[in-house]
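Below, chains carry the letters A, B, ... as their sequence lines are ordered, and counting in each starts from 1. Here the structure is a predicted model, which is why all the values come from computation and not from measurement. In what follows, every heavy atom counts, from backbone to side chain, and hydrogens, waters and symmetry copies are set aside.
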There are 2 protein chains.
Amino acid sequence: MKTDSNSNLGFALLGLLWQSPRSGYDLRKFFSATPMMSFSDSPGAIYPALRRLEQRGFIRGQAEGARRRKIFQLTPRGRSEFRRWQTQPITRQDVVRNCDALVLRFAFMDQSVGKRDCLRFLKSFQRELLQYLPGLREYFRTNRRHMPASGRLALQNGIEAYEGNLRWTEVAIRTYRNQKGGSS
Amino acid sequence: MKTDSNSNLGFALLGLLWQSPRSGYDLRKFFSATPMMSFSDSPGAIYPALRRLEQRGFIRGQAEGARRRKIFQLTPRGRSEFRRWQTQPITRQDVVRNCDALVLRFAFMDQSVGKRDCLRFLKSFQRELLQYLPGLREYFRTNRRHMPASGRLALQNGIEAYEGNLRWTEVAIRTYRNQKGGSS
DNA sequence: TAGTCCATGTAAGATGTTACATGATTCA
DNA sequence: TGAATCATGTAACATCTTACATGGACTA
């Protein structure tokens, strides 16, 4: 157990280091400069996370240049761990409490797994959304009368977010279907 | 400093206890039974959180009935702390990294602040979204060519989520505008 | 040579997770 | 009486936040 002990931040770091080897400082700059991810760029988060990844054998760092800069890159174990995380089955809990993490899992898929696994992921995501949404809508329909305006609107916001994700899976699946080739 | 030391869970508990006094067990059941919030229903999260709220003087609990059940309710300090949290200014950071927390802040507004503050919140949320989105779209436009399909789609997912929130603020603002009365 | 980046780190504290523990009450 | 449910709790562990610390390199 506890094989999945990396945090979202840890996996985001693995994904970025898979793209290209970088230093902790590079990663911090990436988080603060690009609007892509909402992770902290604080040294107190990044550097300890990198050390943990290194201790677990997922990345390896070596000093470089004059400034005591340390460049990290993935090890084979890190790559297989990252793929394991990406391709593990999508649970209802993932959809209910962690949609952002699901999108993060998908964000780096092109570089690590094949078109087949991308599509498998998207369809599984879509399936879970289709199973979860009816219950949500039903709850809304039966309770909206007794809810104050702000509560009702907040619930609506949540439902619309799931519906947005559902439409997104449809577009994404079409994108991959129309793509030629693929594999890995 | 550190006046805002409550977590999202803490504030969610305050909001629910404002609705009606409950026990920790009731709150756990609420989290596991309703699809409204994605908080943990684990005792290891709820009970320590309740004790912290009590220590800080935001809630007060008293034993009830045979089963050693403890019913919590908000103190005046708890109510004012909750309102303070809800009405504090919306920052760009809130929008970038914590949209869920913003919706949570709004979810209980009807019971704690007036229509005026609800509208102020929604317009402020809308303003921040309108300021943030153009940069996101610009980043997407200039970088889409160099991004792998999965990365591009993940970014699109993020942008669409913000657009969904923006549309939601419009609907919500209209809802409150068309409401008669209000205040408190 | 003073200030500003670069680059990494640590320490204290809060919170959350998982797993385990405890005892009362209800019901078959 | 045994099982399920009610109801609360603790302990170990991992992670993140904030704030502070350090020192090299570049540049005005």
Side-chain angles (χ1 to χ4, degrees), chain A residues 1-14 21-33 37-56 58-59 61-72 91 93-94 96-98 100-101 104, chain B residues 1-14 21-33 37-56 58-59 61-72 91 93-94 96-98 100-101 104:
Chain A
M1 67 231 44
K2 244 36 203 125
T3 68
D4 193 4
S5 53
N6 278 335
S7 63
N8 279 347
L9 173 60
F11 285 116
L13 294 176
L14 287 182
R22 295 169 220 231
S23 69
Y25 192 73
D26 293 332
L27 292 160
R28 289 182 56 204
K29 272 191 307 182
F30 183 86
F31 286 144
S32 62
M37 306 205 231
S38 43
F39 292 104
S40 168
D41 65 338
S42 84
I46 306 271
Y47 292 111
L50 286 170
R51 188 165 20 183
R52 286 193 299 271
L53 291 173
E54 195 168 29
Q55 276 167 358
R56 289 167 195 169
F58 298 147
I59 63 176
Q62 41 185 338
E64 175 243 47
R67 299 157 181 261
R68 55 192 167 142
R69 202 174 138 79
K70 216 162 131 194
I71 305 290
F72 293 93
T91 67
Q93 272 310 300
D94 290 327
V96 175
R97 302 193 32 195
N98 234 354
D100 285 355
L104 178 64
Chain B
M1 73 239 42
K2 242 41 202 119
T3 68
D4 192 5
S5 52
N6 277 334
S7 63
N8 280 347
L9 173 60
F11 286 116
L13 295 175
L14 287 182
R22 297 171 219 228
S23 69
Y25 191 74
D26 292 332
L27 292 160
R28 288 181 58 204
K29 272 192 307 182
F30 183 86
F31 286 145
S32 61
M37 305 206 234
S38 42
F39 291 105
S40 168
D41 65 338
S42 82
I46 306 270
Y47 292 111
L50 286 170
R51 187 166 22 188
R52 284 193 299 269
L53 292 172
E54 195 168 31
Q55 277 169 355
R56 289 168 196 168
F58 298 147
I59 63 177
Q62 42 185 339
E64 177 244 45
R67 299 159 181 261
R68 58 196 163 140
R69 202 171 136 82
K70 217 162 133 196
I71 306 289
F72 293 94
T91 67
Q93 274 308 301
D94 289 328
V96 175
R97 299 193 35 194
N98 234 355
D100 285 354
L104 177 65

Open item on the list: Test your reading of the model: is there a side-chain donor-acceptor pair from A:Arg97 to the backbone of B:Ser38, 3.5 Å cut-off?
Closed with: yes
- [ ] Starting at atom CG of B:Asn6, determine the distance to atom C1' of C:dG13, rounded to an integer number of angstrom.
- [x] 15 Å
Open item on the list: Does B:Arg69 reach a base, just sugar-phosphate, or nothing at all? Heavy atoms under 4.0 Å.
Closed with: sugar-phosphate
Task: Between OG on residue A:Ser23 and CZ on residue A:Arg68, distance to nearest 0.5 Å - done: 12.0 Å
TODO: State the CZ-CZ distance between B:Arg52 and B:Phe58, to the nearest 0.5 angstrom.
DONE: 12.0 Å
Task: Separation of atom CZ in B:Arg52 from atom P in D:dG9, rounded to whole Å - done: 13 Å
Open item on the list: In whole Å, I'd like the distance from the CZ atom of B:Arg68 to the P atom of D:dT8.
Closed with: 8 Å
Open item on the list: Quick check on C:dT8: is either OP1 or OP2 less than 4.0 Å from any side-chain nitrogen or oxygen of A:Arg51?
Closed with: no
Task: Interface residues of residues 38-45 of chain B with DNA chain C (non-hydrogen, below 4.0 angstrom) - done: B:Ser40, B:Ser42, B:Gly44, B:Ala45
Task: Per A:Ser7 side chain, nearest of listed nucleotides C:dT15, D:dT17, D:dC16 - done: D:dC16
Task: A:Gln62 CD - C:dA7 C1' separation (whole Å) - done: 17 Å
TODO: Could you say whether A:Glu64 or A:Pro48 is positioned toward the 5' end of DNA chain C, judged by the nucleotide with the nearest heavy atom to each?
DONE: A:Glu64
Task: Between C1' of D:dA14 and CZ of A:Phe11, the distance in whole Å - done: 14 Å
Task: Between CD1 on residue B:Ile59 and CG on residue B:Leu50, distance to nearest 0.5 Å - done: 5.0 Å
Task: Touch class at under 4.0 angstrom, heavy-atom based, for B:Arg22 against every strand present - done: nothing
Task: Spacing of A:Lys70 atom NZ relative to D:dG23 atom P, expressed in whole Å - done: 18 Å
Task: Check against side chain to side chain contact (heavy atoms under 4.5 Å, CB included), A:Ile46 and A:Phe31 - done: CA-CA 10 Å; A:Ile46 306 271; A:Phe31 286 144; 3.5 Å; yes
TODO: Tell me what A:Ile46 touches on the nucleic acid: a base, only sugar-phosphate, or nothing, going by heavy atoms under 4.0 Å.
DONE: nothing
TODO: Remember a base hit wins even if backbone is also touched, and classify B:Arg28 as base, sugar-phosphate or nothing at under 4.0 Å, heavy atoms.
DONE: base
Open item on the list: Without decimals, in angstroms, what is the distance between B:Tyr47 OH and D:dA11 P?
Closed with: 17 Å
TODO: Measure the distance from CG on B:Asn8 to C1' on C:dG16 and round it to the nearest whole Å.
DONE: 12 Å
Open item on the list: Set out, in order, the CA-CA distance, both residues' side-chain angles and the distance that settles side chain to side chain contact (heavy atoms under 4.5 Å, CB included) for B:Leu27 and B:Phe72, then state yes or no.
Closed with: CA-CA 10 Å; B:Leu27 292 160; B:Phe72 293 94; 5.6 Å; no
Open item on the list: To the closest 0.5 Å, what do you measure between CD (A:Gln62) and CD1 (A:Ile71)?
Closed with: 8.5 Å
Open item on the list: Is A:Tyr25 close enough to C:dT8 that one of its side-chain N or O atoms is under 4.0 Å from OP1 or OP2 there?
Closed with: no
